[in-house]
Amino acid sequence: MLLKLPYQWAVTLMTVLTFTGVLSPAPVAAGIYEEPQLQEGDQDFLYDTFPDGFVWGAATAAYQVEGAWNEDGKGPSIWDVYSSQPGKVDNDDTGRVACDSYHKYKEDVQLLKKLGVNHYRFSISWPRVMPDGTNSYINQAGLDYYHNLINELLNNNIEPMVTLYHWDLPEALERRGGWLNSDIVE
């Protein structure tokens, strides 16, 4: 069975396989896939059985998959600002649309289900929930999105695993010194 993944998911999967040594860096850099060079013991790990209780999961980061960069009250993040500057990111790519998971989360959950994972680690976009980075305003639309995503995962027997911060600092906090400003914990 051939499983078609959203482009960013496929790039992320290939990157993980590269960092874990399953793939050489060449396919990622060249945008093509090469057969991995198996080492002693790899055959059993890759093609045999996994231990009882082994957990299969997938992971994403809000900026990389959600898109909807300025919808429903979301504030700008440091990545929204940085990637919008010409020449800062290869091909001038941004996360403005990304995989559009903000609008397609139900389809994404079905892809996870077809993939056979039972855990999904995702990050919460801080500026989607707290547009200025503080609790002065909580964006209900942002909370609703994550509430709906979590319910969709649970309804499909996929356990959500939340990362609270994945390099998605609200730009408003960055302008006040970011992590170097001790007031950030307030």
Side-chain angles (χ1 to χ4, degrees), residues 5-13 15-16 55-85 88-115 117-186:
L5 296 174
Y7 174 76
Q8 186 61 38
W9 287 26
V11 170
T12 301
L13 178 61
T15 302
V16 168
V55 175
W56 284 101
T60 61
Y63 183 78
Q64 296 169 337
V65 298
E66 286 180 10
W69 73 285
N70 66 349
E71 292 183 39
D72 293 338
K74 180 189 175 289
S77 75
I78 56 174
W79 273 105
D80 292 322
V81 172
Y82 181 81
S83 66
S84 68
Q85 299 172 41
K88 293 291 187 176
V89 179
D90 195 30
N91 298 319
D92 290 328
D93 291 335
T94 69
R96 290 179 176 204
V97 176
C99 298
D100 202 20
S101 193
Y102 185 80
H103 297 109
K104 298 179 178 181
Y105 70 91
K106 288 183 179 183
E107 295 170 46
D108 292 344
V109 170
Q110 291 309 302
L111 287 170
L112 290 167
K113 188 175 181 177
K114 286 179 186 175
L115 193 58
V117 301
N118 51 18
H119 289 75
Y120 175 54
R121 199 264 321 148
F122 61 95
S123 65
I124 291 179
S125 171
W126 188 347
R128 188 171 304 286
V129 177
M130 300 172 153
D132 71 354
T134 72
N135 61 7
S136 65
Y137 171 70
I138 305 299
N139 181 17
Q140 189 60 48
L143 290 178
D144 291 345
Y145 166 71
Y146 293 112
H147 180 81
N148 292 336
L149 172 60
I150 289 169
N151 282 338
E152 191 71 20
L153 290 165
L154 293 173
N155 289 338
N156 284 278
N157 298 314
I158 300 172
E159 185 173 338
M161 303 183 80
V162 175
T163 297
L164 294 178
Y165 179 75
H166 190 105
W167 304 101
D168 203 9
L169 188 70
E171 178 63 19
L173 290 181
E174 181 67 15
R175 289 184 194 146
R176 289 185 239 150
W179 289 107
L180 298 177
N181 183 343
S182 61
D183 291 342
I184 199 167
V185 297
E186 300 298 324

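All heavy atoms count here, side chains included; hydrogens, waters and symmetry mates do not.
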Nearest 0.5 angstrom please: Glu107 CD to Asp100 CG, how far? 9.0 Å
To the closest 0.5 Å, what do you measure between NE2 (His103) and CD (Glu66)? 10.5 Å
Nearest heavy-atom neighbours spanning Ile158 and Val117: CG1-O, 3.8 Å
Got a sec: does the CH2 of Trp126 have more than 12 other heavy atoms crowding it under 6.0 Å? yes
Here the gap from Lys106 atom NZ to Leu149 atom CG, rounded to the nearest 0.5 Å, amounts to 11.5 Å
Check whether the side chains of Ser123 and Tyr63 place a donor and an acceptor atom closer than 3.5 Å, and report yes or no. no
Nearest heavy-atom contact between Ser77 and Pro127 is CB-CG, 3.7 Å
Closest non-hydrogen atom pair between Leu169 and Ile184, with its separation: CD1-CD1, 3.8 Å
Any heavy-atom pair between the side chains of Tyr146 and Val162 that's under 4.5 Å? no
Any non-hydrogen side-chain atom of Thr134 less than 4.5 Å from a side-chain atom of Arg176? yes
Would you please say whether a donor-acceptor pair under 3.5 Å links the side chains of Gln64 and His166? no
To the nearest 0.5 Å, atom CG of Asn181 lies from atom CG of Leu173 at 8.5 Å
Will you find, in the side chains of Asp144 and Gln140, an N or O donor that is under 3.5 Å from an N or O acceptor? yes
Note, Ile138 side chain near Met130 side chain (heavy atom, < 4.5 Å): yes
Mind checking whether Arg96 and Ser84 have side chains closer than 4.5 Å, heavy atoms only? yes
Working to the nearest 0.5 Å, report the span between CG of Leu143 and CG of Asp72. 12.0 Å
Give me the ring orientation class for Tyr145 and Tyr105: parallel if the planes are under 30° apart, tilted from 30 to 60°, perpendicular past 60°. perpendicular
Closest non-hydrogen atom pair between Pro131 and Pro170, with its separation: O-CB, 4.1 Å
Less than 4.5 Å apart, side chain to side chain, heavy atoms only: is that true for Val65 and Phe122? no
Looking only at atom types and distance, does a side-chain atom of Asn139 sit under 3.5 Å from a main-chain N or O of Arg128, one as donor and one as acceptor? yes
What I'd like to find out is whether the side chain of Ile124 reaches to under 4.5 Å of the side chain of Asp168, using heavy atoms alone. no
Do Lys104 and Gln110 make a side-chain contact, defined as non-hydrogen atoms from C-beta onward lying under 4.5 Å apart? no
Write down the atom of Leu154, the atom of Pro160, and the distance for their closest heavy-atom approach. CD2-CD, 3.5 Å
Please check if the number of heavy atoms outside Trp167 that lie under 6.0 Å from its CH2 is greater than 12. no
Tell me which one of Asp108, Asn157, Asn156, Asn118 satisfies side chain to side chain donor-acceptor pair (under 3.5 Å) with Lys113. Asn156
Nearest heavy-atom neighbours spanning Asp80 and Lys74: OD2-NZ, 2.7 Å
